[in-house]
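All remarks here apply to the structure that follows.
All chains are named by letter (A, B, ...) in the order of the sequence lines, taking the proteins before the strands, and each is independently numbered beginning at 1. Note that these values count all heavy atoms, side chains included, but never hydrogens, waters or copies made by symmetry.
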Protein chains: 2
Amino acid sequence: MSADAALDKAREGLRTAILRGEYLPGERLVEAQLCERLGVSRFNVRAAIQELAADGLVKVERNKGAHVRKVSIDEAVEITEVRMVLEGLVAARAAAKVTDAQASELDEIGLLMRRAVSAGEFRRYSDLNQRLHSLIRDVAGHSTADGIIETLRGQLVRHQFMLSLHPGRPAISLPQHERIIEAIRERDPKAAEDAMRAHIASVIEALRDMDAGEVR
Amino acid sequence: MSADAALDKAREGLRTAILRGEYLPGERLVEAQLCERLGVSRFNVRAAIQELAADGLVKVERNKGAHVRKVSIDEAVEITEVRMVLEGLVAARAAAKVTDAQASELDEIGLLMRRAVSAGEFRRYSDLNQRLHSLIRDVAGHSTADGIIETLRGQLVRHQFMLSLHPGRPAISLPQHERIIEAIRERDPKAAEDAMRAHIASVIEALRDMDAGEVR
DNA sequence: GCCGCCAAGATTGTCAACAATCAGCAAGTC
DNA sequence: GACTTGCTGATTGTTGACAATCTTGGCGGC
């Protein structure tokens, strides 16, 4: 294995394990165990841990090692609020820059989403959801916002997984997504930003409801 | 020196040196030289570099070492756009949470700013500017947004220094600041967000003008 | 004079070993 | 039984040395 590949392997291996729930929030990450598990040296394990700490997935405390970061609902709400304004900025910019080909692709995704909801294919809908958000970010080409959004997404994976388990969500978010697509297609930055913010405000609402023990 | 103090010393020493312009954008940061200069071991120098890389102040490339990050005007604009929406979120939240005592303090700062502009004390105005933004963030208590804003500020120090060198800026930004203060005092989140975004949009405009070679 | 190549020194990446600190368990005391 | 203390093994932090890679200056060729 080449030297630089070892660090990649360590970082992505550990990231994947955390995002998959193989290490639970609060769980301690022991370097020696990770060396075995990931098949890399301690040097690379330590480097990977530092990188994931910078991404907010891991908390490192001096002399106490690294733990998977616990993200409370309140934190998840805050993170989602930040995402809301950033993705609003991105949607506005996408509306200002979208090409005809890109608009067609957005519509295509919207159609597939409608079909997935009608067919009750929620896993498929979730994938399309991600694809839509990702395409909008590509259209916008705002690398600063992109980087931050990507980092924050990693911190919210667990909460988003729990949200996606609730069958009522797609019916609520589909029309929101459609409104976003329409505003971008119409090249209306203000409407795109408002639609995206409304959509993510709805996610925040769902997070709060989940905290209160109910989901609509 | 205690062990954990060495890392603090390395990180803050290097951060300060970069923010003060003692290392220029693009300049290479050589570990051995930093060990001498900061009076810490190579281990701590490397750790400090990684932390500053996570903050976006430094770029690290495998086998080529660390360089002070160059932030182009386009990047500065993007970063400021992100700040615009985040500080808008923060201002809205401050408007929703402000206490009477905090509102008085905001007004006090506004008064001091007016005086500083009248007296042509631009350095003082700049300090008050920071104090105002910092207080608004305290009032809002949005730690996720706060952390990101703080990180982004570090990346923009150079550009903000150049902006503050232009005597026309305070006359433009003072009424903008006053509008922000008023909206928060009136507990109007929407107005606060709009006022903050307008203010920072004006900063973006000034950045673009600086790029084009003129400043109004 | 300019360009390309190569060697040497500079620098970064990494390791094994050791020092420092912590966590958990067992024993003792109240 | 509950609490405290001390010890031991586990774990993290760090060092000095060496391997790997890069950068630069000098030399030779055109």
When you check every protein heavy atom under 4.0 Å of nucleotides 20-25 of chain D, what one-letter string (B, S, -) results, 5' to 3'?
-> -SSS--
Anything under 3.5 Å between a donor and an acceptor, one on a side chain of residues 144-155 of chain A, the other on a protein residue two or more places apart or in another chain? List them.
from	atom 1	to	atom 2	distance (Å)
Thr144(A)	OG1	Glu78(B)	OE1	2.9
Asp146(A)	OD1	Arg137(A)	NE	2.5
Glu150(A)	OE1	Arg137(A)	NH2	2.3
Glu150(A)	OE2	Arg153(A)	NH1	3.0
Thr151(A)	OG1	Gly147(A)	O	3.0
Arg153(A)	NH2	Gln130(A)	OE1	3.1
Gln155(A)	OE1	Arg69(A)	NH1	2.9
Gln155(A)	NE2	Asp55(A)	O	3.0

Indicate every side-chain donor-acceptor pair of residues 86-102 of chain B with a distance under 3.5 Å to a residue at least two apart or in another chain.
from	atom 1	to	atom 2	distance (Å)
Glu87(B)	OE1	His133(B)	ND1	2.8
Glu87(B)	OE2	Arg83(B)	NE	2.9
Glu87(B)	OE2	Arg83(B)	NH2	3.0
Arg93(B)	NE	Ala140(B)	O	3.1
Lys97(B)	NZ	Ala140(B)	O	3.4
Thr99(B)	OG1	Gln102(B)	N	3.1
Thr99(B)	OG1	Gln102(B)	OE1	3.2
Asp100(B)	OD1	Arg187(B)	NH2	3.1
Gln102(B)	OE1	Thr99(B)	N	2.9

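Of the possible polar contacts, none joining the Ser126(B) side chain to the Phe122(B) backbone as a donor-acceptor pair under 3.5 Å is found.
Rounded to an integer number of Å, the gap from NE2 of His67(A) to C1' of dT12(D) is 12 Å. If you take CD of Glu61(A) and P of dT11(D), they are 17 Å apart, rounded to a whole angstrom. Rounded to an integer number of Å, the gap from CD of Glu31(A) to P of dG9(D) is 21 Å. We find that CD of Gln33(B) is positioned 21 Å from P of dG9(C), with the value rounded to whole Å.
Using modelled atom types, one finds a donor on one side chain and an acceptor on the other under 3.5 Å when comparing His142(B) with Glu81(A).
Annotation: ring-ring contact (aromatic ring centres under 6.0 Å, His included) contacts of His159(B) (sequence neighbours excluded): none. Applying the salt bridge (charged side-chain N to carboxylate O under 4.0 Å, His left out) criterion to Glu108(B), with sequence neighbours excluded, gives no partner residue. In this view, Arg37(B) and Glu22(B) satisfy the salt bridge (charged side-chain N to carboxylate O under 4.0 Å, His left out) rule, not counting sequence neighbours. With sequence neighbours excluded, the residues forming a salt bridge (charged side-chain N to carboxylate O under 4.0 Å, His left out) with Asp107(A) are Arg185(A), listed by chain and number. Every residue two or more places apart in sequence or in another chain that forms a side-chain contact (heavy atoms from CB on, under 4.5 Å) with Ser72(A) is listed here: Asp74(A), Glu75(A). Taking Arg197(B) as the reference, Glu193(A), Glu193(B) meet the salt bridge (charged side-chain N to carboxylate O under 4.0 Å, His left out) condition, with sequence neighbours excluded. Residues that satisfy the side chain to side chain donor-acceptor pair (under 3.5 Å) test with Asn63(A), not counting sequence neighbours, are absent from this structure.
At the heavy-atom level, Leu29(A) lies under 4.0 Å from the strands shown only through sugar-phosphate atoms.
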Pairs under 3.5 angstrom, nitrogen or oxygen only, protein versus nucleotides 15-18 of chain D, please.
from	atom 1	to	atom 2	distance (Å)
dT15(D)	OP2	Ser41(B)	OG	2.7

Show me the protein contacts with nucleotides 5-8 of chain C, counting only N or O atoms at under 3.5 Å.
none

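Between Arg46(B) and dT12(C) there is no side-chain N or O to OP1 or OP2 distance below 4.0 Å.
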